[in-house]
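This report concerns only the one structure given below.
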Amino acid sequence: MTRSVEEMDESLLASAFYDGDARLAVLKFYDQKAGRFWHWKDNTGHRPYCYTRLERSELGAIADRKDVVEIVEEEKDDLLNDGRVKLRKIITTDPLAIGGGNDSIRDKIRAWEADIKYYENYAYDRGLRMGTYYRVSSGVVIPVKHDVPAKVAMSLAEILKRNQPEFAPYLKEWAELLGEPLCDFRRVALDIEVANEAGRLPDPEDPKRPVIAVSFFSDTEKLVYVLREGKDTKGVETMDYPVKVFEDEPTLLRAVMAKIMDYPVVVTFNGDDFDLRYLKHRAEAVGIVESENPIQLERVASTLKHGVHIDLYQFFRNRSIQVYAFSNRYTDHTLNGISEALLNRSKIEFEGEIGDLPLPELANYCLNDSQLTYELTTMGGSVVMKLLLVISRIGKMPINDVSRLGVSNWIRSMLFYEHRRLGALIPRQDELGEKGGASSQAIIKGKKYKGGLVIEPKPGIYFDVSVLDFASLYPSLIKVYNLSYETVNCPHEECKDNVVPDTTSWVCRRRKGITSLVTGSLRDLRVSHYKPLTKDLTLSKEDRELYNVVSQGLKVFLNATYGAMGFETFAFYCLPVAEATAALGRYAITKTIGRCGELGIEVLYGDTDSLFLKSPSADQIATVSRWADGELGVELDLDKVYRYVAFSSRKKNYFGVLPDGTVDIRGLTGKKSQTPDFLKKIFYQALETLSKVQTVDDFEKARTNIKGLLAGMIGDLKGRKVPVEELAFNVMMGKTTEKYNGTTPQHVRAAKLLEDRGKEIKAGEIIAYVKTKNPPFVKPVELAKVEDVDAEKYIEYAHSMFDQMLDALDFSFDELMGATTLDFFWSG
DNA sequence: AACTCTGGCCCGACGG
DNA sequence: CCGTCGGGCCAG
């Protein structure tokens with residue numbers, strides 16, 4: 001099978017890879033059946049997994065193979081060495097041949113085929129031409145749809161004008177891609193129930209027990225399939241949704257497979273590890289043949305042959321999603337935990353074993369789970385699906401991968417795509433390693449380089465405090481100071497005096513770095529364009545929603561780009577770049593503090609990219625801001641003005657009250673998720689009092705109020721009036737119990753007690769425990785009674801918690817309670 | 001195999 | 001009794 005090179009070029013998707021003097025590209029995706037190459041894959045652009053290494057000596061043998069269509073020489077930019085290199089591109093009809101065909105590559109290719117089927121189904125369902133959706137997902141240039149009000153958001157033209165010409169193509173392409181409307185996905189949520197084997201969880205690798213219920217929930221249908229197993233069917237017909245009772249399991253499973261096939265997207269919670277895996281293996285066990293089964297198992301993921309499976313557990317577990325997209329609104333990574341936090345809804349609770357539930361209750365329980373799963377994807381205008389799509393566009397990665405992989409993989413994918421577009425070589429790890437390590441000493445033991453600067457706060461209460469903030473500081477520095485793996489410590493002699501302060505690294509003057517261009521253009525679009533658009537009330541709700549999701553997506557990429565540079569397994573890991581970024585950050589904030597001094601502005605506190613200034617005039621703020629823009633090249637904006645701020649002597653610990661009475665709390669124990677609800681409640685009541693303070697004189701009243709509050713608290717604790725649930729500390733298991741060696745923290749001790757009673761404790765679970773008077777001094781909340789509680793320990797904890805707050809107000813817990821009062825309580 | 005970084009606070013375990 | 005360290009959570 002021979003094809004012309006022109007035809008090949010159009011369908012090339014893989015990329016360059018080189019190893020010593022044998023440099024070559026491998027490519028893929030000639031579809032034997034269809035007799036053509038897949039076009040859309042060029043557009044999504046990248047498939048890092050296809051790389052393979054071949055020595056020059058092997059080329060002869062390759063040329064003779066029948067799957068090899070042609071070997072061509074091609075020139076690529078070698079960014080690291082600032083030159084062009086020749087490499088060989090092998091065009092083959094069999095991608096497995098060159099990759100050596102190991103299992104993961106085979107799996108991957110199967111998965112890609114599933115992707116293609118999905119996109120085809122999707123387009124077919126909506127009556128789209130094939131190309132329509134490809135364009136959307138691919139990053140191909142599409143005109144921006146919306147007129148932008150110039151007053152609110154900077155127009156693309158304006159942004160272009162303010163940037164050097166190198167940024168123009170990037171800005172245009174991003175704007176066009178990100179302005180494209182977001183489509184919705186037809187999808188169904190699925191959940192299965194399997195009877196427990198005597199206290200043990202069902203094992204998806206060895207599915208001994210039958211699947212007793214499967215529920216489906218979508219915008220058009222909700223239904224449950226249940227297995228009769230000799231149970232009474234009473235009540236099943238009268239339920240307000242269809243419940244289908246099956247007499248035998250194979251028929252049930254076949255019906256499930258058929259239903260899965262009806263949808264291009266299936267959503268589960270933990271379907272990768274459990275639901276789909278169990279279904280697949282159970283179907284095999286009862287003799288359903290492979291061709292009837294749409295489920296495809298991979299090493300970590302479970303996928304669908306015809307479509308896309310999204311496992312929300314994997315998605316919500318992603319820390320970038322948790323922190324930047326959902327502002328840490330959930331911490332527990334269970335369906336119940338996330339649903340309670342985001343939907344304000346819970347799983348159904350029941351007593352005993354799931355297998356013993358009567359059919360109607362079993363159906364309700366099962367359907368509720370898929371309903372929660374479905375609603376997690378529809379809440380807030382389907383923000384989850386939209387985020388997946390936006391990240392997919394920015395990262396040039398299919399949504400099923402986006403939902404499972406971490407942010408460093410998204411960035412890798414995005415940067416690979418940019419390299420291919422430029423026709424540039426992607427550097428190898430060892431080449432990047434030659435850039436050198438860090439030259440600064442980290443403050444924290446065990447860290448690789450020195451990070452952000454935290455200013456010692458001036459303890460006390462200050463009225464009228466302005467907070468200035470560098471807008472997207474690290475991405476700005478990466479842009480302005482041209483930071484990239486190939487520009488930091490570049491090979492040119494004349495650049496070596498362009499040193500980054502506080503490091504031994506220098507930066508290239510000859511040309512713009514690729515990560516600087518990409519990150520820089522994304523930053524400008526977010527700060528000047530998309531962020532303002534989310535607040536523009538003249539736009540329709542849909543448009544604002546689009547811009548909001550785009551803005552969130554950009555934020556994730558921007559925030560993580562710097563961090564990824566210092567992450568060992570990141571494809572573009574380059575310590576000098578991460579270090580230079582942080583060093584320039586310290587330089588910027590230090591210089592700005594110096595400038596404030598010259599202008600007679602008192603700096604009360606600052607952390608990495610923010611400065612707290614004591615009653616500066618509007619003029620002074622404008623002066624500093626203008627100076628930063630001109631001198632440092634970074635935007636310094638007024639973020640907010642506090643009515644008053646209270647600092648203790650602790651860094652990263654303060655609270656402030658805004659003019660409207662809102663209280664901002666940073667770092668204080670009282671707001672931490674592990675703090676018992678009872679103490680949190682008291683803490684917030686105290687803050688409520690403080691939020692009403694308008695002037696210095698008001699503090700006296702606040703003090704009396706808080707005193708009463710704390711006396712009540714101690715009384716309640718001593719008098720055992722607080723239910724154990726409200727006294728529970730909630731701490732996450734970082735790993736499973738047996739992996740804690742050498743030390744056993746309290747939450748692990750509590751977790752072990754639960755394990756003794758046959759409960760399985762997984763990493764990521766939140767353990768709720770109370771502190772008790774007798775060994776082992778902790779009890780899981782389920783097992784604890786009010787009498788067990790060690791009230792003194794709680795008072796001690798409250799003591800330190802409130803001192804964080806009261807320190808700043810210049811009174812202490814002891815003082816407030818009065819030594820005698822406290823003595824009374826101690827002995828009482 | 002793991003899935004962005006460093007700085008900082010607090011508690012409790014552990015070892016001398 | 002005290003210093004150090006592991007662990008967790010948070011700020012940015």
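Convention: sequence-line order gives letters A, B, ...; per-chain numbering from 1.
C:dA11 and B:dA1 have their C1' atoms separated by 29 Å, with the value rounded to a whole Å. Nucleotides B:dA2 and C:dC10 are separated by 23 Å at their C1' atoms, to the nearest Å.
The span of DNA chain C lying next to chain A, judged by atoms under 4.0 Å from heavy atoms, is bounded 5' to 3' by C:dC5 to C:dG12.
Across all strands shown, A:Lys735 has heavy atoms under 4.0 Å from sugar-phosphate atoms exclusively, and none from any base. Base engagement by A:Gly563 is indicated by at least one non-hydrogen atom pair under 4.0 Å involving a base atom. At a threshold of 4.0 angstrom between heavy atoms, the contacts of A:Lys651 are confined to the sugar-phosphate backbone, with no base atom among them. Residue contacts shown for A:Leu558 are absent, as no nucleic acid heavy atom lies under 4.0 Å away. Residue-level contact check: A:Thr331 touches neither bases nor backbone, having no heavy atom under 4.0 Å from any strand. Nucleic acid contact class of A:Ile444 (heavy atoms, under 4.0 Å, all strands): base. At a threshold of 4.0 angstrom between heavy atoms, the contacts of A:Tyr474 with the nucleic acid are absent.
Taking the C1' atoms of five terminal pairs at each end of the helix from B:dC5-C:dG12 to B:dG16-C:dC1, the two resulting helix axes are inclined by 10°, rounded to 10°.
The ring-ring contact (aromatic ring centres under 6.0 Å, His included) test applied to A:Phe274 returns A:Tyr278, not counting sequence neighbours. The salt bridge (charged side-chain N to carboxylate O under 4.0 Å, His left out) check on A:Lys762 picks up nothing, with sequence neighbours excluded. For the ring-ring contact (aromatic ring centres under 6.0 Å, His included) test, residues two or more places apart in sequence or in another chain that qualify with A:Tyr485 are A:His419, A:Phe572. Partners of A:Met713 by side chain to side chain contact (heavy atoms under 4.5 Å, CB included), not counting sequence neighbours, listed by chain and number: A:Phe678, A:Leu679, A:Ile682, A:Leu710, A:Leu717, A:Ala798, A:Phe802, A:Phe813. With sequence neighbours excluded, no residue satisfies salt bridge (charged side-chain N to carboxylate O under 4.0 Å, His left out) with A:Asp311. Residues passing the side chain to side chain contact (heavy atoms under 4.5 Å, CB included) test with A:Phe777, sequence neighbours excluded: A:Pro775. Every side chain to side chain contact (heavy atoms under 4.5 Å, CB included) that A:Asp607 has, sequence neighbours left out, goes to A:Val454, A:Tyr605, A:Ser610, A:Lys652. Residues meeting the ring-ring contact (aromatic ring centres under 6.0 Å, His included) test with A:Tyr313, sequence neighbours left out: A:Phe269.
Side chain to side chain, A:His333 and A:Glu765 fail the donor-acceptor criterion of an N or O pair below 3.5 Å.
Cation-pi geometry between A:Lys779 and A:Tyr769 is not met at under 6.0 angstrom from the ring centre and within 45 degrees of the axis. Taking the ring axis of A:Phe647 as reference, the NZ or CZ atom of A:Lys458 does not stay both within 45° of it and closer than 6.0 Å to the ring centre.
Protein atom CD of A:Glu568 is 17 Å distant from nucleotide atom P of B:dA1, rounded to whole Å. Following rounding to the nearest Å, A:Asp609 (CG) and B:dT6 (C1') show an atom-to-atom distance of 13 Å. Across the protein-nucleic acid pair, A:Tyr573 atom OH and B:dT4 atom C1' stand 12 Å apart, rounded to whole Å. One interatomic measurement links the two molecules: CZ of A:Arg317 to P of B:dT4, which rounds to 11 Å at whole-angstrom precision. If you measure from atom NZ of A:Lys671 to atom P of B:dC9, you get 16 Å, rounded to the nearest angstrom. In this structure, the CD1 atom of A:Ile321 is 13 Å from the C1' atom of B:dT4, given to the nearest Å. In this structure, A:Glu579 places its CD atom 15 Å from P of B:dC5, rounding to the nearest Å. The CZ-C1' distance, from A:Phe655 to B:dC9, rounds to 17 Å in whole Å.
For the pair A:Ser625 (side chain) and A:Leu636 (backbone), a donor-acceptor distance under 3.5 Å is present.
Residue whose closest nucleotide on DNA chain B sits further toward the 5' end, between A:Glu456 and A:Asn559: A:Asn559. Summary of the strand contacts: A:Asn741 and A:Asn328 both lie near DNA chain C, and taking for each the nucleotide with the nearest heavy atom, the more 5' one is attributed to A:Asn741.
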Using a cutoff of under 3.5 Å, can you pull out all pairs of nitrogen or oxygen atoms linking the protein to nucleotides 12-16 of chain B, with atom names and distances?
residue	atom	partner	partner atom	Å
B:dG12	OP1	A:Lys771	NZ	2.5
B:dA13	OP1	A:Arg749	NH1	3.3

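Distance from the side chain of A:Tyr449 is smallest to B:dT6 among B:dT4, B:dT6, B:dC10.
Evaluation of atom-type donor-acceptor distances gives a pair under 3.5 Å for the side chain of A:Asn409 against the base of B:dC3.
The shortest distance between the side-chain N/O atoms of A:Lys447 and the OP1/OP2 oxygens of B:dT6 is below 4.0 Å. Checking the phosphate oxygens (OP1, OP2) of B:dC10, a side-chain nitrogen or oxygen of A:Arg650 falls inside 4.0 Å.
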Under 3.5 Å donor-acceptor pairs involving side-chain atoms of residues 557-568 of chain A, not counting sequence neighbours:
residue	atom	partner	partner atom	Å
A:Asn559	ND2	A:Lys555	O	3.1
A:Thr561	OG1	A:Phe557	O	2.6
A:Tyr562	OH	A:Tyr449	OH	2.9
A:Glu568	OE1	A:Lys448	NZ	3.2
A:Glu568	OE2	A:Lys448	NZ	3.3

